[in-house]
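Below is one structure, written out as structure tokens, with a few remarks after it.
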Amino acid sequence: FLASTAVAAAAASVAGRARPAFAADKVTLRLSSPATPTDQRAVALTEVFGPAVAGFASFEPHWNASLFKQGTELEAIARGNLEMSITSAQELATLFPEWSIFTAGYLHRDAEHQKKVFAAAFMDPMKQKVEEQLGVKLLTVMYLGRRQLNLRIEKHIETPADLAGVKLRMPGTDAWQFLGRALGANPVPMAFTEVYTGLQTGAIDGQDNPLPTDKDSKFYEVTRQIVLTSHLVDLNYLAFSKQVWDGLSAEQRATVQKAADDAAELGRKRQLKLEDELAQFFKDQGLKVYEPNVEAFRKHVQKAYLESDFAKDWPKGMVDQINAL
Ligand code: KDO
């Protein structure tokens with residue numbers, strides 16, 4: 001449903017029925033994201049992106065999903081109701097199944113690998129399809145970090161078998177639920193903004209996110225352990241309305257592109273530094289932090305993906321091309 005309405009809305013928008021918001025002589029760039037204002041992607045966009053485009057655009061971020069619910073932002077851009085979001089491969093995969101390749105566990109190796117993959121020529125047709133059919137331009141790749149298991153239960157986790165029956169919150173799309181199952185857990189869909197309460201009340205046994213997110217959203221206050229599975233080197237894409245983009249001059253477009261890349265670079269550096277430092281912070285808070293048998297998780301997860309229906313939608317040969325970068 002979402003796929004067809006979003007794509008149809010984009011077509012209507014392109015036909016000129018929805019217009020981008022202009023405040024006085026400046027373009028208004030509203031961004032909606034479930035990220036907190038202290039998340040490093042948010043900080044970098046506020047410190048770097050906003051000021052860099054201020055000559056012709058007013059950047060208006062709305063954090064904590066205060067403008068649009070998590071997962072509804074792409075459709076909002078397609079309909080001309082929003083100009084920007086920090087989207088994910090999981091969200092894109094709900095509309096364009098081939099994007100599920102980037103939701104696979106243990107595929108991206110690290111932050112640099114993500115950058116190389118995003119810049120690779122084999123990505124061009126995928127990006128172009130999103131632009132043409134959804135009216136969304138993917139400006140740059142933002143590093144979210146290595147996702148780790150963060151549990152309120154005390155049980156020691158060594159292999160996927162130890163997660164049997166564990167209610168693991170994952171964000172609410174099929175691709176995320178599949179990752180939860182591939183890890184061996186019982187995935188429970190839940191919006192990011194509800195996770196703290198879910199952990200506090202015991203509605204869920206755990207969640208997965210990178211260490212900086214666990215600190216920023218204070219999940220350590222309501223959990224007992226972090227299991228360093230590093231099962232997904234997670235990313236987001238900075239999404240921008242194609243309709244607004246098309247209304248900018250060549251010089252303004254170059255400024256927006258540079259501002260996006262610069263913000264992503266700063267966010268990436270800070271996030272990597274935090275990931276290095278934070279294990280000790282959680283230990284100081286009384287949490288156990290340890291590595292399980294990562295090879296056992298890698299094998300289990302990779303096998304699940306290669307045998308899955310998702311893999312049937314992946315462009316032929318792309319896993320090898322990604323691995324070769
Ligand atoms: C989450 O819901 O766990 C997640 O980490 C998924 C990411 O794709 C991203 O959307 C993120 O939330 C939000 O930006 C909140 O930090």
Side-chain angles (χ1 to χ4, degrees), residues 33-49 63-64 70 85-92 102-118 138 140-151 168-171 173 175-176 179-180 182-183 192-193 195-196 199 206-220 223 225-239 260-283 285 287 289-292 294 297-298 301 322:
S33 168
T36 65
T38 45
D39 172 296
Q40 291 310 315
R41 292 162 302 165
V43 172
L45 285 167
T46 306
E47 283 181 8
V48 175
F49 184 85
W63 308 114
N64 293 319
Q70 183 175 26
S85 78
I86 303 175
T87 193
S88 61
Q90 290 81 2
E91 287 165 5
L92 287 163
F102 300 119
T103 71
Y106 299 106
L107 179 75
H108 280 119
R109 291 189 302 273
D110 52 34
E112 278 307 306
H113 190 214
Q114 285 180 352
K115 267 172 69 178
K116 281 188 200 158
V117 171
F118 187 72
L138 302 173
T140 197
V141 64
M142 305 190 95
Y143 179 68
L144 184 56
R146 282 161 280 166
R147 291 182 86 95
Q148 317 290 6
L149 298 175
N150 173 213
L151 309 176
L168 182 67
R169 174 272 170 179
M170 302 297 283
T173 72
W176 282 116
L179 178 58
L183 287 164
F192 183 76
T193 43
V195 172
Y196 186 96
L199 290 167
Q207 62 93 27
D208 83 310
N209 256 296
L211 299 185
T213 307
D214 293 342
K215 173 161 190 275
D216 187 54
S217 291
K218 299 194 166 54
F219 294 147
Y220 59 88
T223 53
Q225 56 166 323
I226 294 179
V227 190
L228 299 168
T229 45
S230 296
H231 51 270
L232 184 70
V233 183
D234 204 7
L235 55 74
N236 290 117
Y237 305 107
L238 190 59
D261 290 336
D262 288 351
E265 197 53 49
L266 181 68
R268 184 160 31 239
K269 280 208 184 97
R270 289 185 176 163
Q271 198 78 339
L272 283 165
K273 185 161 179 286
L274 281 173
E275 279 188 299
D276 275 353
E277 296 165 356
L278 282 177
Q280 191 55 48
F281 168 83
F282 294 116
K283 286 180 188 163
Q285 302 299 312
L287 276 77
V289 182
Y290 60 94
E291 260 196 23
V294 176
F297 275 98
R298 187 192 309 277
V301 168
I322 292 169

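Values below: every heavy atom of this structure, side chains too, minus hydrogens, waters and symmetry copies.
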Quick check: do Gln271 and Leu144 have side-chain heavy atoms less than 4.5 Å from each other? yes
Going by heavy atoms in the side chains, are Leu45 and Trp63 under 4.5 Å from each other? yes
Minimum heavy-atom distance Tyr237-Leu92, with the two atoms named: CD1-CD1, 3.7 Å
Would you check, one step at a time, whether the test side chain to side chain contact (heavy atoms under 4.5 Å, CB included) holds for Gln207 with Leu199? CA-CA 8 Å; Gln207 62 93 27; Leu199 290 167; 3.9 Å; yes
Once rounded to the nearest 0.5 Å, what's the spacing between atom CG of Leu232 and atom CZ of Phe102? 12.0 Å
Point-to-point distance, once rounded to the nearest 0.5 Å, from CG of Leu278 to CD of Gln280: 10.5 Å
Salt-bridge contact Glu47-Arg270 (side-chain N to carboxylate O under 4.0 Å): yes
Side chains of Glu277 and Leu211: closer than 4.5 Å at any heavy-atom pair? no
I'd like to check Glu265 versus Arg268 (side-chain heavy atoms, cut-off strictly below 4.5 Å). Are they in contact? yes
Of Glu291, Gln148, Arg146, which meets side-chain hydrogen bond (donor to acceptor under 3.5 Å, both in side chains) against Ser230? Gln148
May I ask you to decide if Gln225's main-chain N or O and Asn150's side chain share a donor-acceptor pair within less than 3.5 Å? yes
Atom CZ of Phe219 and atom CG of Asn209: how far apart are they, to the nearest 0.5 Å? 6.0 Å
Going from CZ on Arg169 to CG on Leu151, what distance comes out if it is rounded to the nearest 0.5 angstrom? 13.5 Å
For Pro212 and Leu274, the nearest pair of non-hydrogen atoms, with its separation, is CG-CB, 3.8 Å
Using the rule given for side chain to side chain contact (heavy atoms under 4.5 Å, CB included), can you reason through Val227 versus Tyr290, listing the C-alpha separation, both sets of side-chain angles and the distance that settles it, and then say yes or no? CA-CA 5 Å; Val227 190; Tyr290 60 94; 3.6 Å; yes
Heavy-atom distance under 4.5 Å between the side chains of Val233 and His113, does that happen here? no
How long is the span from the OG1 atom in Thr87 to the CE atom in Met142, to the nearest 0.5 Å? 12.5 Å
What closest approach, in Å, do Ser88 and Asn236 show between heavy atoms, and which atom pair accounts for it? CB-ND2, 3.6 Å
What's the shortest heavy-atom distance between Ala42 and Pro37, and which atoms? CB-O, 3.7 Å
If you define the side chain from C-beta out and look only at heavy atoms, does anything of Phe118 sit under 4.5 Å from Leu138? yes
Got Leu238 and Ile86 here, is their nearest side-chain heavy-atom distance under 4.5 Å? yes
With rounding to the nearest 0.5 Å, note down the distance linking CG in Leu183 to CG in Leu179. 5.0 Å
Return the minimal non-hydrogen interatomic distance between Ala44 and Ala263, and the atom names on each side. CB-O, 3.3 Å
Give me the one residue out of His108, Gln40, Glu275 that meets side-chain hydrogen bond (donor to acceptor under 3.5 Å, both in side chains) with Tyr143. Glu275
Using ring centroids (six-membered ring only for Trp), state whether Phe297 and Tyr106 fall under 6.0 Å. no
Salt bridge (charged side-chain N to carboxylate O under 4.0 Å, His left out) contacts touching residues 229-239 (sequence neighbours left out): Arg147-Asp234
Any idea which heavy atoms bring Thr103 and Ala89 closest together, and the distance? CG2-C, 3.8 Å
Check whether any side-chain heavy atom of Ser217 sits under 4.5 Å from a side-chain heavy atom of Thr36, and report yes or no. yes
